[in-house]
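In this text the structure is predicted, and so the values were computed from the model without any measurement.
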Amino acid sequence: MPNSAPIGIFDSGIGGLTLAHAITELIPQEPIIYFGDTAHLPYGDKSATAIQAYSVKICNFLLDKNCKLILIACNSASAAAYDLVKAYVGTKAVVVNVIDPVIQYLDQQWAGKTLGLIGTKQTVNSGIYAKKALALGKNIDVKSLATPLLAPMIEEGFFNNTISEQIIREYLEQDVLKNIDGLILACTHYPLIKSQIDQFYQGSIPVIDTSQIVANEIQTILTKNDLAIQKGQVGSRQFYVSDYTDSFEKSTQIFFGEAIKLIQYPIWD
Ligand code: DGL
């Protein structure tokens with residue numbers, strides 16, 4: 001794989017642009033191909049089987065584009081399809097999910113602690129964070145709550161207002177999230193409501209924005225595998241979606257921080 005090959009990033013939609021953005025901030029010279037499966041969004045309410053089928057099709061597209069690394073930038077797809085995708089891609093590209101870097105971080109910094117976690121139904125019902133944290137053998141307890149209203153709320157631009165404040169409060173006041181030492185934001189969309197969640201806790205516990213952790217891990221993996229783009233080179237960025245609408249393109253501004261041109265590439269036929 002040449003060092004100039006792109007990093008492939010995929011998500012159920014445009015929420016994964018928060019992670020793509022964190023990566024471009026950290027390693028701006030790396031070429032990126034983003035794929036948002038807007039035709040099948042949301043993944044959070046889909047079965048694992050459906051998410052696996054979509055993920056394999058997206059990987060075919062990213063492999064056709066010669067990606068050196070494929071990042072599953074979606075918690076729901078990382079929970080449902082990582083093992084399958086990794087086996088499917090084999091040695092053709094490095095496959096990274098958004099869960100394992102967070103587990104590594106817990107391993108290093110959160111021994112003996114109890115963490116809350118919020119995410120989609122798919123992510124939370126899979127129990128994957130709790131299982132992997134338990135397997136570390138460091139007495140780390142993860143208590144999860146599905147918060148399915150949050151992603152569509154953010155997509156509609158409802159954050160930093162009183163409606164979002166009330167919805168966030170309703171969720172965070174649930175018993176399962178009582179007595180936690182920190183809160184993991186296990187969904188692509190949640191970096192956008194981190195400040196409101198911080199306000200709720202008023203600094204009493206850390207709120208963990210996983211996009212920073214995953215971006216750091218991508219940089220480390222590229223360097224370790226000698227796959228980072230050579231100094232002096234600057235790669236291009238392309239953003240594909242399986243179903244294009246003007247409203248998706250407008251919303252990219254929210255998630256990526258700047259306007260993006262979306263290219264339609266249907267993957268279901
Ligand atoms: N990208 C999804 C995740 O991180 C959230 C949106 C969806 O349900 O598709 O879990």
Side-chain angles (χ1 to χ4, degrees), residues 6-24 32-67 69-89 92-93 95-99 119-123 125-126 128 148 150-156 186-192 210-211 214 218 237-256 260-269:
I7 300 173
I9 302 174
F10 82 86
D11 176 45
S12 56
I14 50 176
L17 288 170
T18 52
L19 184 45
H21 186 250
I23 292 168
T24 56
I32 275 180
I33 296 191
Y34 182 91
F35 191 95
D37 192 9
T38 48
H40 299 122
L41 151 146
Y43 278 11
D45 299 335
K46 298 278 184 316
S47 69
T49 314
I51 296 171
Q52 287 167 358
Y54 304 147
S55 299
V56 164
K57 288 203 171 188
I58 297 167
C59 285
N60 284 338
F61 169 79
L62 295 174
L63 289 172
D64 279 350
K65 297 273 178 192
N66 292 318
C67 289
L69 183 149
I70 294 178
L71 170 62
I72 309 176
C74 171
N75 277 269
S76 308
S78 292
Y82 172 64
D83 290 341
L84 181 94
V85 164
K86 197 169 162 47
Y88 182 76
V89 171
K92 291 185 215 121
V95 179
V96 183
N97 65 54
V98 289
I99 297 169
T120 66
K121 289 182 199 163
Q122 170 59 234
T123 303
N125 292 343
S126 76
I128 193 161
L150 296 182
M153 175 189 90
I154 296 164
E155 261 165 44
E156 286 300 324
C187 177
T188 47
H189 294 51
Y190 301 172
L192 292 168
T210 55
S211 64
V214 177
I218 296 295
R237 294 176 193 165
Q238 288 168 346
F239 300 89
Y240 292 87
V241 284
S242 48
D243 188 31
Y244 174 88
T245 64
D246 283 342
S247 112
F248 282 135
E249 194 160 82
K250 280 201 193 91
S251 302
T252 59
Q253 172 85 41
I254 300 177
F255 292 97
F256 199 71
I260 283 170
K261 184 98 210 84
L262 294 178
I263 307 162
Q264 169 148 333
Y265 188 89
I267 53 155
W268 57 83
D269 41 12

Do Ile33 and Phe61 come close enough that some side-chain heavy atom pair is under 4.5 Å?
yes
Is the closest side-chain heavy-atom distance between Phe10 and Asp37 below 4.5 Å?
no
Please report the closest heavy-atom contact between Asn75 and Ala186, naming both atoms and the distance.
CG-O, 3.0 Å
So OG of Ser242 and NE2 of His40: to nearest 0.5 Å the spacing works out to 6.0 Å
All N/O donor-acceptor pairs, side-chain side in residues 12-22, below 3.5 Å, sequence neighbours left out:
from	atom 1	to	atom 2	distance (Å)
Thr18	OG1	Gly15	O	2.9
Thr18	OG1	Thr188	O	2.7
His21	NE2	Phe256	O	3.3

To the nearest 0.5 Å, atom OG of Ser47 lies from atom CD of Gln52 at 8.0 Å
Separation between CD1 of Ile9 and CD1 of Ile70, rounded to the nearest 0.5 Å:
11.0 Å
Can you name the closest pair of heavy atoms from Val214 and Val98 and give their distance?
CG2-O, 3.8 Å
Side-chain heavy-atom pair Leu84, Val56 within 4.5 angstrom cut-off
yes
Is there side-chain contact between Tyr82 and Ile99, with heavy atoms separated by less than 4.5 Å?
no
Separation of Cys59 SG from Asp64 CG (nearest 0.5 Å):
11.0 Å
Parallel, tilted or perpendicular: ring planes of Phe255 versus His189, cut at 30 and 60 degrees
perpendicular
Closest approach of Phe248 and Asp243, non-hydrogen atoms and distance?
CD1-O, 3.5 Å
When every non-hydrogen atom of Ala93 is compared with those of Leu63, the smallest separation belongs to CB-CD2, 4.1 Å
When every non-hydrogen atom of Ser211 is compared with those of Pro191, the smallest separation belongs to OG-CG, 4.2 Å
Determine, stepwise, if the pair Tyr244 / Glu249 fulfils side chain to side chain contact (heavy atoms under 4.5 Å, CB included).
CA-CA 8 Å; Tyr244 174 88; Glu249 194 160 82; 3.1 Å; yes
Counting distance only, does the side-chain N/O of Gln122 pair as donor-acceptor with the main-chain N or O of Lys46 below 3.5 Å?
yes
Closest non-hydrogen atom pair between Ile154 and Ile254, with its separation:
O-CD1, 4.3 Å
Can you tell if the side chain of Val89 reaches within under 4.5 Å of the side chain of Leu62, non-hydrogen atoms only?
no
For Tyr43, what residues pass the ring pair (Phe, Tyr, Trp, His ring centres under 6.0 Å) criterion, not counting sequence neighbours?
Tyr54
Contacts of Glu156 meeting salt bridge (Lys or Arg N to Asp or Glu O under 4.0 Å) (sequence neighbours excluded), chain-then-number -> none
If you round to the nearest 0.5 Å, how far is OH of Tyr240 from CD1 of Ile263?
4.0 Å
d(Ile218 CD1, Leu69 CG) to nearest 0.5 Å is 5.0 Å
